[in-house]
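Encoded as structure tokens, the structure appears first; notes follow it.
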Amino acid sequence: MAYKAGPIYPCNPATARSESTKLGVDPKGEKLIYTNGRAVIIRDLNHTGLSHAYTQHTRSATVARFSPSGYYAASADVSGEVRIWDVTNPENNLKLAIRPLSGKINDLAWDGESKRIIVGGEGKDKFGAAFFMDSGSSCGEITGHSKPINALSIRHQRPFKAISGSDDNSIIFHSAVPFKYDKMINTHSRFVRDVAFSPNGDLFASVASDGKLFLYDGKTGETKGEAGREGGSSLMACSWNLDSQSIATAGADGIVSIWDASSLKSTQSYTVGSDVQSQQNGIVYAGPNSLVSISLSGVLNIFDTRESTSTKWRTLHGATKAITASTLSGDTEKEVTFYTGSFDGSIKRFDIGESYGADEGRCDEVQGTGHTANVVAFSTDYKGKVYSAGWDDKVSSIDGQSFSSTSLPIKAQPSGVAATSNAIYVATSSGLEVHPAGSNSTFLLSKDAVTAVAAHGGPNSDSVAYGVGKKVILSSTSPEKELATFEDSKGDVLSLRFTKDGKYLAAGDSAGRIILVDVEEKEVTVSSRWTFHTGRIVDLAWSKSDKRLASVGLDENVYIWDRKKVAKNIAIKNAHPGGVTGVSWLGDEKLITAGSDGIVRTWIVPA
């Protein structure tokens, strides 16, 4: 066994302002299903490490739903493709791939027998379709709308009925099977955001941008009543409790409300926040007493509806955008923190190690004022402090769970950062900036555009390596002098990493080549053997013993090299869709990687 995939720590759902985010739940109410980029995430609500990612879509996925039987999931993407796959095994065997619409699919729904699926979205010739899940053959039509369909639902009891809500402000009531147009319902005055049949099939509900909730008879489509707060903002989603006695709504005003189905009065409400990022975009009941909503910020909120107080709830965090940089910080392998940064400037921290027990993989935001633009690099000084460089032209420092109150302004856009106890080194487009510890002064070690930097702290002087184009330059800081230049790279040097003892230096370039430099002898010991990457190398990491090197790149692959056996390597192919952007070792046999899919993955690689 060359390697074994370990637990994953998933991204949170992708959200967009004024768009409903579709959340699904398995029949047992234990796992959530949602999409982010090309990935479909099955997230265990109680044990993050039991989560799973399905990554077979070639375009951004938009919606995913479990079948009522619990054996299959159907997921759809922006190209109009629907994939039906097995959720009972890790291989996720494909049952059916079909393209019922020619454009983005916004929602899909299963029937109660797990045999038929209806989809709705932005097709060019039609906005909806109905088909059998095993053969893909048509089982009716979803028609009547003049604009894209936003939401769909099927009555799970016979006689089957289907409803669809659209941007044309209307709801179409369909009879089934086969599915066909029955009547149009025009109760809303704005875009219909979500529709849902109650579990017992007696009623169905609709919510819209006019802030209204309507209930209808499940068999006839007759309007039963309406609810909504005075002057309330858009309702983005709704979900029925399993007993069909109450329905929850998610509002763009940041309020989650639970309504009694018989009296249409609000019985409970949770105010998540009043700012834009607290807008509630999606909601689903995960059990009789468990309600899950998604904020625009990407945070999942889990409410226990038995709690009399409506000010406390559990939150689940995770990256919502592509991860662009990462690092590992901690003194012991049993308790470390993995930091990730994204191109929107957000930084998350993951608790990893045996000491955390069932909470391993827990993710939180780093508190305080951080970055407002792309986070390009991290570095740790091995004393508990982590430094991050961003395209807002500053270097921030993180101490544990929060940012330090001060940050270092830099004079140009950074491409890398390295920290020792003596100084912070920042690679920028106008040179290599040096910020000595305990001093406000700054000087340039190089005036050329520097693409990468690494540093190894010594008692009196630091060894600093930096990339200028295809050259790797090795320098000392006290006295300040250039020790050697290596020109073996075939592309721009993008990643540099010293071993912990400072005796070796690895350099990865944009052509996919890695060179290994013996720092003491000032010679290249590996120049053309480590060339298996087919794209630019983004990050490098040495194992605890300094014998093994891990490299990751935009070719979506991870390679593990051995300093003693240079001709051999271990390849982890297609580790992250879109590219792998960060790698760290936990000991000598466990790897932690992060990628453009926003997911943190772990791997066991026996020596």
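Side-chain contact between Ile347 and Arg349 is absent, with no heavy atoms from C-beta onward closer than 4.5 Å. The side-chain heavy atoms of Leu300 and Tyr34, taken from C-beta on, include a pair separated by under 4.5 Å. Side-chain contact check for Trp530 versus Leu549: some heavy-atom pair is nearer than 4.5 Å. Residues Trp585 and Leu328 fail the side-chain proximity criterion, which asks for heavy atoms closer than 4.5 Å. Side-chain contact check for Ser346 versus Lys321: every heavy-atom pair is 4.5 Å or farther apart. You'll find the side chain of Ser584 reaches within 4.5 Å of the side chain of Phe338, heavy atoms only. Taking 4.5 Å as the limit, every side-chain heavy atom of Leu32 sits out of range of all side-chain heavy atoms of Ile41. With contacts defined as side-chain heavy-atom distances shorter than 4.5 Å, the pair Ser421/Asp381 does not qualify.
Between the side chains of Thr15 and Asn281, no donor N or O sits under 3.5 Å from an acceptor N or O. Side-chain atoms of Asn301 and Ser293 include a donor-acceptor pair closer than 3.5 Å. Between Asp462 and Thr477, the side chains place no donor N or O within less than 3.5 Å of an acceptor N or O (distance only, hydrogens not considered). Using modelled atom types and a 3.5 Å distance limit, the side chains of Gln413 and Thr428 yield no donor-acceptor pair. Between Ser441 and Ser439, the side chains place a donor N or O and an acceptor N or O closer than 3.5 Å (distance only, hydrogens not considered).
In this structure a side-chain-to-backbone donor-acceptor pair under 3.5 Å is missing from Ser51 to Ile8. Distance alone, capped at 3.5 Å, places no donor-acceptor pair between the Ser278 side chain and the Gly254 backbone. In terms of modelled atom types and a separation under 3.5 Å, the side chain of Trp391 and the main chain of Pro414 share a donor-acceptor contact. Between the Thr420 side chain and the His456 main chain, no donor and acceptor come within less than 3.5 Å of each other. Here the side chain of Thr324 pairs a donor or acceptor atom with the backbone of Gly341 at under 3.5 angstrom. The backbone N or O of Pro7 lies less than 3.5 Å from a partner atom in the side chain of Thr602, making a donor-acceptor pair. Judged purely by atom type and a 3.5 angstrom limit, Thr332 uses its side chain to pair as donor or acceptor with the backbone of Lys334. A donor-acceptor pair under 3.5 Å links the side-chain atoms of Lys500 to the main chain of Ser543, judged by distance alone. Although no hydrogens or angles enter the test, the distance criterion places a donor-acceptor pair under 3.5 Å between the side chain of Asp518 and the main chain of Glu521. Distance alone, capped at 3.5 Å, places no donor-acceptor pair between the Ser295 side chain and the Ser297 backbone.
Dense packing is recorded around CZ of Arg99, with more than 12 heavy atoms of other residues, nucleotides or ligands lying under 6.0 Å away. Other residues, nucleotides and ligands contribute at most 12 non-hydrogen atoms within 6.0 Å of the CD atom of Gln401. Within 6.0 Å of NZ in Lys394 there are more than 12 heavy atoms belonging to other residues, nucleotides or ligands. Residue-environment remark: CD (Glu354) stays at or below the threshold of 12 foreign heavy atoms within 6.0 Å. A 6.0 Å sphere centred on CG of Asp501 holds more than 12 heavy atoms belonging to other residues, nucleotides or ligands. More than 12 heavy atoms of other residues, nucleotides or ligands lie within 6.0 Å of NZ in Lys590, so this atom counts as buried by the packing criterion. For Lys490, the NZ atom sits in a loose shell: 12 or fewer heavy atoms of surrounding residues, nucleotides or ligands are nearer than 6.0 Å. Environment of CZ in Arg529: sparse, with no more than 12 heavy atoms of neighbouring residues, nucleotides or ligands closer than 6.0 Å.
With rounding to the nearest 0.5 Å, the separation of OH in Tyr466 from OH in Tyr425 is 11.5 Å. In this structure, Asp546 CG and Lys503 NZ are separated by 9.5 Å, a value rounded to the nearest 0.5 Å. Atom NZ of residue Lys547 and atom CG of residue Asp588 lie 8.0 Å apart, to the nearest 0.5 angstrom.
Arg38 and Asp77 are not joined by a salt bridge, as no carboxylate oxygen comes within less than 4.0 angstrom of a charged side-chain nitrogen. In this structure, Glu19 pairs ionically with Lys104, as a charged nitrogen and a carboxylate oxygen lie closer than 4.0 Å. Salt-bridge check for Lys544 with Glu333: passed, with a basic side-chain N closer than 4.0 Å to an acidic carboxylate O.
Among the candidates Leu540, Ile514, Val583, the single residue satisfying the side chain to side chain contact (heavy atoms under 4.5 Å, CB included) test with Arg497 is Leu540.
When all heavy atoms are compared, the tightest approach of Ile323 to Ala594 is CG2-CB, 3.7 Å. Minimum heavy-atom separation, Ser430 to Leu444: O-CD1, 4.2 Å.
Using the six-membered ring where Trp is involved, His57 and Tyr54 have ring planes that are perpendicular, over 60° apart on the 30 and 60° scheme. Taking the six-membered ring where the residue is Trp, Trp561 and Phe532 present tilted rings, their angle falling between 30° and 60°.
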Derivation and outcome, side-chain hydrogen bond (donor to acceptor under 3.5 Å, both in side chains), residues Thr451 and Asp492: CA-CA 7 Å; Thr451 52; Asp492 288 348; over 6 Å; no
Worked verdict on Asn12 versus Thr320 for side-chain hydrogen bond (donor to acceptor under 3.5 Å, both in side chains): CA-CA 5 Å; Asn12 272 26; Thr320 54; over 6 Å; no
